[in-house]
S.K.: 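After the structure tokens below, expect a handful of questions from me.
Letters A, B, ... are given to chains in the order of the sequence lines, protein chains preceding strands, and every chain is numbered from 1. Heavy-atom basis, side chains included; hydrogens, waters and symmetry copies ignored.
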2 protein chains.
Amino acid sequence: MMVLEQLDKINRQLRSSNYKLTPQREATVRVLLEYEQEHLSAEDVYMLVKDKYPDIGLATVYRTLELLAELHIVEKMNFGDGVARFDLRSEEHTHMHHHLICTVCGALKEIKDDWLLELENRLQQEYGFKVTDHRLDFMGTYHTCKSSECKRASKAIS
Amino acid sequence: MMVLEQLDKINRQLRSSNYKLTPQREATVRVLLEYEQEHLSAEDVYMLVKDKYPDIGLATVYRTLELLAELHIVEKMNFGDGVARFDLRSEEHTHMHHHLICTVCGALKEIKDDWLLELENRLQQEYGFKVTDHRLDFMGTYHTCKSSECKRASKAIS
DNA sequence: TTTAATGCAAAGTGTTTGCAGGGCC
DNA sequence: GGCCCTGCAAACACTTTGCATTAAA
């Protein structure tokens, strides 16, 4: 889907809840679209938006991300490093939030597969629990990742 | 396993890394043992320890929990509500950190099953990634949990 | 003109750190 | 005596909030 289509769709989602796609919000959404593959923190988003819209305030970015999360346009997630990270929720992402987190180099890779449908059916039947979302993270190490050669900043989460 | 046995075991784990089981640390561990089924925040632990050991400082509790987490005696986890939560890691818990999180009432239930061994083998073969741990959370709702009748504080995480 | 949205600065929250004092090999 | 551990308070990092101003319908 093209950027303009996506912007338009998000615009409609906002309007249908009586919110406006202000220039600040649009700039924020554009950054999220541009960095769709990353898991940006609010600070990251702020810095990137500032390039295009230097007068934006940090609070506005936080408020925008919060709003988008409420409307399920972005997903707010948390990798335990004390900062929230934000991802556009494209349809294909739903039910595919699977991460491999390397404990040596901190690399974070997304796996796009839906492994858990069967399990979710079981939960519905055995526990009476209807799953609307899930998250699945694996911690471990890559075979190629010897601690000696692979010491990049472990904050390099993408 | 009895409390004293467990304390003794933890004592040995500490000593083997040159740490002491001080009275403050013992009081903290006792609280963790007593509330093994819960997912206590540092603040929770602090309040509970204070009952038995009123002079303890919050920083000591944080330091103790951090230390125990480093030694893998407790597990530090994060449910996205901005507070770290701590759990004693009994052997049976390893690889069984599966949670059902109800988005209506906030109830958090632990499921003790190991569903992912097969998946982890696949990750090792297909991705060259050796899994040492994982976490799996399901968000959704219980059939019995109508939003009308079930509105307890959503911070009631246990 | 009425309401929503913004920027800034201040406040808030959970957590960590510096440091002087205390206890234990 | 040296070293680890503690309590306290201050510092910290991330996030939220109050408020006066601005932009939009």
S.K.: C:dG22 P sits how many Å from B:I56 CD1, rounded?
M.R.: 18 Å
S.K.: Are A:H98 and B:H134 linked by a side-chain donor-acceptor pair shorter than 3.5 Å?
M.R.: no
S.K.: Rounding to a whole Å, what distance do you find between A:Y46:OH and C:dG7:P?
M.R.: 9 Å
S.K.: Give B:E43 one of three labels, base, sugar-phosphate or nothing, depending on what nucleic acid heavy atoms sit under 4.0 Å from its own.
M.R.: nothing
S.K.: Expressed in angstrom and rounded to an integer, what is the separation of A:R15 atom CZ from C:dA4 atom P?
M.R.: 14 Å
S.K.: Taking atom CD of A:E118 as the centre, report whether more than 12 heavy atoms of other residues, nucleotides or ligands fall under 6.0 Å from it.
M.R.: no
S.K.: Look at the side-chain N and O atoms of A:T22 and state whether any lies under 4.0 Å from the OP1 or OP2 oxygen of C:dT6.
M.R.: yes
S.K.: Within this structure, what is the NZ-to-C1' distance between A:K20 and C:dT2, rounded to whole angstrom?
M.R.: 10 Å
S.K.: Does one hydrophobic cluster hold both B:F79 and A:V83, with members joined at side-chain heavy-atom distances below 4.5 Å?
M.R.: no
S.K.: Can you check the A:L58 CG to C:dA10 P distance for me, whole Å?
M.R.: 15 Å
S.K.: Is A:R85 reaching over with its side chain to a backbone N or O of A:H39, donor-acceptor style, under 3.5 angstrom?
M.R.: yes
S.K.: Using a cut-off of less than 4.0 Å, is there contact between a side-chain N or O of A:T60 and OP1 or OP2 of C:dT6?
M.R.: no
S.K.: Tell me whether the rings of A:F129 and B:Y142 are parallel (<30°), tilted (30 to 60°) or perpendicular (>60°).
M.R.: perpendicular
S.K.: Earliest and latest nucleotide of DNA chain D, 5' to 3', sitting under 4.0 Å from a non-hydrogen atom of chain A?
M.R.: D:dC14 to D:dG18
S.K.: Do you reckon A:L14 sits in the same ILVMFWY cluster as A:L4, going by side-chain contacts under 4.5 Å, direct or chained?
M.R.: yes
S.K.: Indicate yes or no: does A:E120 engage A:K130 in a salt bridge with an N to O separation below 4.0 Å.
M.R.: no
S.K.: For the pair made of OH in B:Y19 and C1' in C:dG23, what is the distance, rounded to whole Å?
M.R.: 19 Å
S.K.: Among C:dT17, C:dT6, C:dT15, which nucleotide has an atom closest to any side-chain atom of B:A59?
M.R.: C:dT17
S.K.: Could you tell me the separation between the CZ atom of B:F79 and the C1' atom of C:dG14, rounded to a whole number of Å?
M.R.: 17 Å
S.K.: Starting at atom CD of B:E66, determine the distance to atom C1' of C:dT16, rounded to an integer number of angstrom.
M.R.: 9 Å
S.K.: Classify the side chain of B:R63 and the base of C:dG18 as holding, or not holding, a donor-acceptor pair under 3.5 Å.
M.R.: yes
